[in-house]
Asks: 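Structure incoming, see below.
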Amino acid sequence: MVDFEFTEDQKIFREAVREFLSKHLAPIWDKIDEEHRIPTDLIYRMGEQGFFGIPVPEEYGGQGGDFVSAAIAVEEVAYHDPSVAVAVYTLLNNAWPFILSLYGTDEAKQTILPLVGNGRGFFGIASTEPHGGSDVAGTRTRAERRGDKYVVNGEKIFISGVREVMEQLELGGWYLITRTGTPESRHKGISGFAFIGNNRGVKPEGLEYSILNTIGRHGISTGMLTFKDVEIPANMLVGQENRGFYYAMEGFTLARILVAAANIGAARWGLEQAIEWARNRRMYAEEKPISSFQGVSFPIAEAAMELEAARLLVYEAAWMADRIYIKKEPGLKPKDLNFYSASAKLKAVQTSFKVLSTAMMVFGANSYVKETNIARSFIGALSYYVGAEGAQNIMKYIIAREIIGREYVK
Ligand SMILES: Cc1cc2nc3c(=O)[nH]c(=O)nc-3n(C[C@H](O)[C@H](O)[C@H](O)COP(=O)(O)OP(=O)(O)OC[C@H]3O[C@@H](n4cnc5c(N)ncnc54)[C@H](O)[C@@H]3O)c2cc1C
């Protein structure tokens, strides 16, 4: 049966997060972007409100919720901060802690997840390397086993949350993707670690970091991590050695649903701004609103249609994730999510690009000043158009492989 309704619990959750965010995030989102920092007390309060670790089981300090609720939270956060910085923080802090809850050791889970759940900690993803982010199987950062430790050497770039982890929060880290097999082993020689960059001021020796000078979504930092003989305890290995590529792919598949939710949240904000402006901007002899011109109203109509289509894809993907991971319906496997997740990300990112560029066109020159904030949102969402959490071409590749067949799409 097709049912387009959220459950009562999900509706109540959406109302509660809206109320919180309209009071505590909406009034300061542009200040967050200007000051390049999410206030720590806001992060803590979001933790207390249950924004992080939503699908993580309660026994690890998560909310014991589902992916539809996580998508609701991320969509609302992006609507109330359409630069998407706080949404990025929120979505990473839901998807990657969930992967850790599935495959991490008890020590890793107990150390990291309760602090994620209460807002004191962050757990993101450190995959991308300078030679190219799309080729995860080509990872060059090496981890070598020495006794009860692994020693890591290499470099990661474009990593979200570097300053927050290293300088702001009590504890933080990333699902760190490294090579443990031979250089030729490709995806069969990759391992993932629950890497802690900072634990109450204690930072691993040999770890260096820097922050990149990005063009937007300034609220969350994007940085580099350099590993020079950094030791990671062996009990921080996630799952089995040389299986890390597969856990990472599951993580990306789940994270992309929430990325898509962030994009529809920002696009919803942009569409509302465009509608308001088109109604109120009046000129010519009859003082007509610009919405009376089809050159203005039709792009808005198209944007609204695209947004609804993207929204349906996003929640369909989140609903599929719940059937697979939360309800554990027999016969469904993680790979059954690939098509839905990649489609949701592809469509939602195309849509936010279209809706926010339409908003810029409707605002005219007024979009080109910071105060109207349209450009802030456009540039923030653009991070996903250019690559974050998987390039758009990679989404097409995943969809093509799923529908045509892996053996036909190499
Ligand atoms: C703001 C921001 C935050 C980010 N945060 C993180 C983070 O927290 N952690 C993390 O690990 N990474 C992060 N990333 C990096 C992101 O994952 C990469 O941008 C992404 O994987 C693409 O890699 P790339 O940018 O190196 O592009 P490349 O892989 O170099 O690709 C460049 C272009 O080539 C195309 N291309 C590549 N391969 C193919 C192919 N096989 N077929 C067709 N076209 C192809 C791509 O579509 C793209 O258009 C972030 C990026 C940004 C912009």
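Both counts, for ligands and for their atoms, begin at 1 and track the order of listing. The figures here come from the full heavy-atom set of this structure, side chains too, leaving out hydrogens, waters and symmetry mates.
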Asks: Can you find a protein heavy atom under 4.0 Å from atom 21 (O) of ligand 1?
Replies: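 For atom 21 (O) of ligand 1 the answer is yes, since some protein heavy atom falls inside 4.0 Å.
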Asks: If we count only N and O atoms by modelled type, under 3.5 Å, do the side chains of T139 and E129 hold a donor and an acceptor together?
Replies: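 E129 and T139 do not have a side-chain donor-acceptor pair below 3.5 Å.
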Asks: Can you confirm, on distance only, whether ligand 1 has an N/O atom lying under 3.5 Å from any N/O atom belonging to S383?
Replies: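 No - when backbone and side-chain N and O of S383 are compared with those of ligand 1, no distance drops under 3.5 Å.
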Asks: I'd like to know whether ligand 1 has T214 as a neighbour, heavy-atom separation below 4.0 Å.
Replies: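 T214 does not count as a contact of ligand 1 under the 4.0 Å cut-off.
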Asks: Are R45 and E48 within salt-bridge range, i.e. N to O under 4.0 Å?
Replies: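 Looking at R45 and E48, the cut-off is not met.
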Asks: Would you tell me which option among F158, Y397, Y385 has the nearest heavy-atom contact to atom 6 (C) of ligand 1?
Replies: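 It is F158 whose heavy atom sits nearest to atom 6 (C) of ligand 1.
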Asks: Have a look at I215, L225, N393 and point out the one with the heavy atom closest to atom 44 (N) of ligand 1.
Replies: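 Ranked by closest heavy atom to atom 44 (N) of ligand 1, first place is N393.
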Asks: Just to verify, what does E231 make a side-chain contact (heavy atoms from CB on, under 4.5 Å) with, not counting sequence neighbours?
Replies: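 Once residues adjacent in sequence are excluded, the partners of E231 under the side-chain contact (heavy atoms from CB on, under 4.5 Å) criterion are K149, V151.
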Asks: Examine Q392 against ligand 1 and note whether any of their N/O atoms are separated by less than 3.5 Å.
Replies: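 No: no nitrogen or oxygen of Q392 is under 3.5 Å from one in ligand 1.
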Asks: Identify the protein heavy atom lying closest to atom 8 (O) of ligand 1, giving its residue, its atom name and the separation to 0.1 Å.
Replies: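 For atom 8 (O) of ligand 1, the nearest protein heavy atom comes out as S160 N, 2.8 Å.
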Asks: Between E19 and K23, does any NZ, NE, NH1 or NH2 come within less than 4.0 Å of an OD or OE carboxylate oxygen?
Replies: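 Between E19 and K23 there is a salt bridge, with a charged N closer than 4.0 Å to a carboxylate O.
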Asks: What atoms of ligand 1 come within less than 4.0 Å of a heavy atom belonging to S127?
Replies: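 Taking each heavy atom of S127 in turn, ligand 1 has 10 (C), 11 (O) under 4.0 Å.
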Asks: Quick one: do E250 and K333 make a salt bridge, cutoff under 4.0 Å?
Replies: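 So E250 does not pair with K333 through a salt bridge.
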Asks: Go through ligand 1 atom by atom and flag the ones less than 4.0 Å from a non-hydrogen atom of A391.
Replies: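 Answer, ordered by atom number: 46 (C), 47 (O).
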Asks: Strictly below 4.0 Å, N to O, side chains only: are E155 and R140 in salt-bridge contact?
Replies: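 So E155 does not pair with R140 through a salt bridge.
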Asks: Between S185 and R179, does any side-chain donor sit less than 3.5 Å from a side-chain acceptor?
Replies: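 Looking only at side-chain atoms, R179 and S185 do form a donor-acceptor pair, the distance falling under 3.5 Å.
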Asks: For atom 39 (C) of ligand 1, grab the closest protein heavy atom and report residue, atom and distance to one decimal in Å.
Replies: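 Ranking protein heavy atoms by distance from atom 39 (C) of ligand 1, first comes I394 CD1, 3.9 Å.
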Asks: How close does the nearest protein non-hydrogen atom get to atom 30 (O) of ligand 1, and which residue and atom is it?
Replies: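 Checked against all protein heavy atoms, atom 30 (O) of ligand 1 sits closest to G132 CA, 4.1 Å.
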Asks: Has R217 got any heavy atom lying under 4.0 angstrom from an atom of ligand 1?
Replies: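 Under 4.0 Å: yes for R217.
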Asks: State, to 0.1 Å, how close R256 and E389 come at their nearest heavy-atom pair, and which atoms those are.
Replies: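 Taking R256 first and E389 second, the nearest heavy atoms are NE-O, 2.8 Å.
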Asks: Could you verify whether a donor N or O on one side chain and an acceptor N or O on the other, from R217 and S160, lie under 3.5 Å apart?
Replies: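 Side-chain D/A pair, R217 to S160: present.
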Asks: When only distance counts, is T222 in polar contact with ligand 1, meaning an N/O pair under 3.5 Å?
Replies: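 Min N/O separation from ligand 1 is not below 3.5 Å for T222.
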Asks: What is the closest protein heavy atom to atom 52 (C) of ligand 1, and at what distance does it sit?
Replies: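 For this ligand atom, the closest protein heavy atom is A388 CB, 3.7 Å.
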Asks: Does N280 reach the side chain of E276, with side-chain heavy atoms less than 4.5 Å apart?
Replies: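 Side-chain contact under 4.5 Å: yes.
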Asks: Does any N or O atom in S134 lie less than 3.5 angstrom from one in ligand 1, N or O only?
Replies: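 Yes; the residue has a nitrogen or oxygen that sits under 3.5 Å from a nitrogen or oxygen of the ligand.
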Asks: Starting from atom 15 (C) of ligand 1, locate the nearest protein heavy atom and write down its residue, its atom name and how far away it is, to 0.1 Å.
Replies: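 For atom 15 (C) of ligand 1, the nearest protein heavy atom comes out as T128 OG1, 3.1 Å.
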Asks: Quiz question: by atom type and distance under 3.5 Å, do the side chains of Y315 and E75 form a donor-acceptor pair?
Replies: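 Result is yes, a qualifying pair exists.
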Asks: What protein heavy atom sits nearest atom 25 (O) of ligand 1, and how far off is it?
Replies: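 Answer, as residue, atom name and distance: V386 O, 4.6 Å.
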Asks: Look only at interatomic distance and state if L92 has a nitrogen or oxygen under 3.5 Å from any nitrogen or oxygen of ligand 1.
Replies: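 Not met; the criterion fails.
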Asks: Contact between D336 and R323 at the side-chain level, heavy atoms closer than 4.5 Å - yes or no?
Replies: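 Sidechains of R323 and D336: no contact.
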Asks: Taking the six-membered ring of Y79 as reference, does the NZ or CZ atom of R18 fall below 6.0 Å from its centre and within a 45° cone about the axis?
Replies: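 Not flagged: R18 not positioned over aromatic ring of Y79.
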Asks: How about atom 47 (O) of ligand 1: does it have a protein heavy atom within less than 4.0 Å?
Replies: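 True for atom 47 (O) of ligand 1.
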Asks: Assess the pair F227 and F195: is the distance between their ring centroids shorter than 6.0 Å?
Replies: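 So the answer is yes for these two rings.
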Asks: Kindly indicate whether atom 32 (C) of ligand 1 is approached by any protein heavy atom to under 4.0 angstrom.
Replies: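 Protein heavy atoms within 4.0 Å of atom 32 (C) of ligand 1 - there are none.
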Asks: Would one find an N or O of G133, backbone or side chain, under 3.5 Å from an N or O of ligand 1?
Replies: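 Between G133 and ligand 1, an N or O pair is found under 3.5 Å apart.
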Asks: As a test of the contact definition, would atom 2 (C) of ligand 1 count as having a protein heavy-atom neighbour under 4.0 Å?
Replies: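 When distances to the protein are checked, atom 2 (C) of ligand 1 has a heavy atom within 4.0 Å.
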Asks: Name every donor-acceptor pair, under 3.5 Å, that has one atom in a side chain of residues 25-33 and the other anywhere in the protein, sequence neighbours excluded.
Replies:
{"residue": "D30", "atom": "OD2", "partner": "N373", "partner atom": "ND2", "Å": "3.4"}
{"residue": "D33", "atom": "OD1", "partner": "H218", "partner atom": "N", "Å": "3.0"}
{"residue": "D33", "atom": "OD2", "partner": "R376", "partner atom": "NH1", "Å": "2.9"}

Asks: Judging by distance only, is a nitrogen or oxygen of I159 under 3.5 angstrom from one on ligand 1?
Replies: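 In this structure, I159 places no N or O atom under 3.5 Å from an N or O of ligand 1.
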Asks: In terms of residue, atom name and distance, what is the protein heavy atom nearest to atom 9 (N) of ligand 1?
Replies: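 The protein heavy atom lying closest is I125 O, 2.8 Å.
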Asks: Report the nearest protein non-hydrogen atom to atom 18 (C) of ligand 1: residue, atom name, distance rounded to 0.1 Å.
Replies: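 I find the closest protein heavy atom is G387 O, 3.8 Å.
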